[in-house]
Number of protein chains: 2
Amino acid sequence: MATYQEPDGWEILGDPSRRAIVECLAVRPRAVGELADELPISRPAVSQHLRVLKDAGLVEDEAAGTRRVYRLNPAGVSALRDQLDMFWRRTLEGFQEIVEDEGKS
Amino acid sequence: MATYQEPDGWEILGDPSRRAIVECLAVRPRAVGELADELPISRPAVSQHLRVLKDAGLVEDEAAGTRRVYRLNPAGVSALRDQLDMFWRRTLEGFQEIVEDEGKS
DNA sequence: TCTATCGGTAAGTCGTAGCTTACCGTTCGT
DNA sequence: ACGAACGGTAAGCTACGACTTACCGATAGA
């Protein structure tokens, strides 16, 4: 499936532009130019981000004439989500009781 | 409560060293020097990361002689977690059905 | 009181991520 | 077949974040 590679997921979503793109694509698939119009960065910048997201398996693209429509890859998204959850699980295990104990202190 | 400020949470945990520190402190509270011993970075570097984490409300510190013991702040941790969850909620709302529909295709 | 340990801060270096401009290939419409 | 729209890529710049060394204050032990 190759939904995900090595770049931490944190690194991928660490960039605000990339998060914006992901949120944008979550609403509906869009072409590169459309994305660039809604973001404060240039079209090439969007392209570069899309490349990163695609390498990570987060988005898929499809040619549509001269345009290229990008959309979220559900499998990649949930894989990434799982990976981030793993961090929380590891962090909170053996610590969870304190969280629940003190509550919001 | 001031558990959290503006720096995205993504930015905070985006750094591998910082994640390592958090995971380390999740096991048990530690002094600065102890943390530095377990990480491949210098003690001042650890100090600087701890500063970021403290400003974000993720950790608390307590003087213990010449040493300074840091531990996770449960409220800050869950606040951060909630914030990251918000991203996913926003991203997946109106997209969730596709995820569940296609499953892992 | 003197000294050693511990940790925060300042200053400076370095690498890299993100952005822009410029260019080029491809595809559609006329 | 020609021109225009669309998007990927190369090259280069810039800014910032992470790290190091050096220094200093504070605390505890002898």
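Order of the sequence lines fixes the chain letters, A, B, ..., with proteins taken first and strands second; residue numbering starts at 1 for each chain. For the numbers below, each heavy atom of this structure counts, side chains included, while hydrogens, waters and symmetry mates do not. Because the structure is a prediction, the values reported are computed rather than measured.
- Minimum interatomic distance between B:V46 and B:A36 (heavy atoms only, all atoms of both residues): CG2-CA, 3.8 Å.
- Not counting sequence neighbours, B:R51 has no partner by the salt bridge (Lys or Arg N to Asp or Glu O under 4.0 Å) test.
- Protein chain A contacts DNA chain C from C:dG18 to C:dC28, reading 5' to 3' and using non-hydrogen atoms of the protein with a distance under 4.0 Å.
- Of the residues in residues 31-41 of chain B, those with a non-hydrogen atom less than 4.0 angstrom from any atom of DNA chain D are B:I41.
- The separation between B:R43 atom CZ and D:dC24 atom P is 15 Å, rounded to whole Å.
- Backbone-only engagement by B:R51 is indicated by non-hydrogen atom pairs under 4.0 Å involving sugar-phosphate atoms exclusively.
- Between B:R43 and B:D37 no salt bridge is recorded (no basic side-chain N to carboxylate O distance below 4.0 Å).
- By the rule that hydrophobic residues join a cluster once side-chain heavy atoms approach within less than 4.5 Å of another member, B:L72 and B:V69 end up as members of separate clusters.
- Rounding to whole angstrom units, CG of residue A:L50 and P of D:dG7 are separated by 10 Å.
- With respect to A:R81 and B:D85, a salt bridge is recorded, a charged nitrogen being found less than 4.0 Å from a carboxylate O.
- The side-chain heavy atoms of A:I41 and A:H49, taken from C-beta on, include a pair separated by under 4.5 Å.
- As a whole-Å value, the separation of B:I21 CD1 from D:dA18 C1' is 12 Å.
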Donor-acceptor contacts under 3.5 Å from residues 22-31 of chain A side chains, at least two apart:
residue, atom, partner, partner atom, Å
A:E23, OE1, B:R90, NH1, 2.7
A:E23, OE2, B:R90, NH1, 3.2
A:R30, NE, A:C24, O, 3.4
A:R30, NH1, A:E38, OE2, 2.4

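- As judged by a 4.0 angstrom heavy-atom cut-off over every strand, A:R67 is placed among residues touching the sugar-phosphate backbone only.
- Although no hydrogens or angles enter the test, the distance criterion places no donor-acceptor pair under 3.5 Å between the side chain of A:R18 and the main chain of A:V52.
- Toward the 5′ end of DNA chain C lies the nearest nucleotide of B:V46, the other residue of the pair A:P44 and B:V46 mapping further downstream.
- Nucleotide D:dA18 holds its C1' atom 14 Å from the CZ atom of B:R19, rounded to whole Å.
- Between D:dG17 and B:H49, no contact under 4.0 Å exists linking OP1 or OP2 to a side-chain N or O.
- B:D61 meets the side chain to side chain donor-acceptor pair (under 3.5 Å) test with B:K54, B:R68; sequence neighbours excluded.
- Side-chain nitrogen and oxygen atoms of A:Y70 include at least one within less than 4.0 Å of the OP1 or OP2 phosphate oxygen of D:dG8.
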Between the protein and nucleotides 28-30 of chain D, are there any N/O to N/O pairs under 3.5 Å, and if so, what are the atom names and distances?
none

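- Not one side-chain nitrogen or oxygen of B:S42 sits closer than 4.0 Å to the OP1 or OP2 atom of D:dC19.
- A:D8 has its side chain within reach of B:R19: a pair of non-hydrogen atoms, C-beta onward, lies under 4.5 Å apart.
- Using a 4.5 Å heavy-atom cutoff, the side chains of A:I12 and B:W10 are not in contact.
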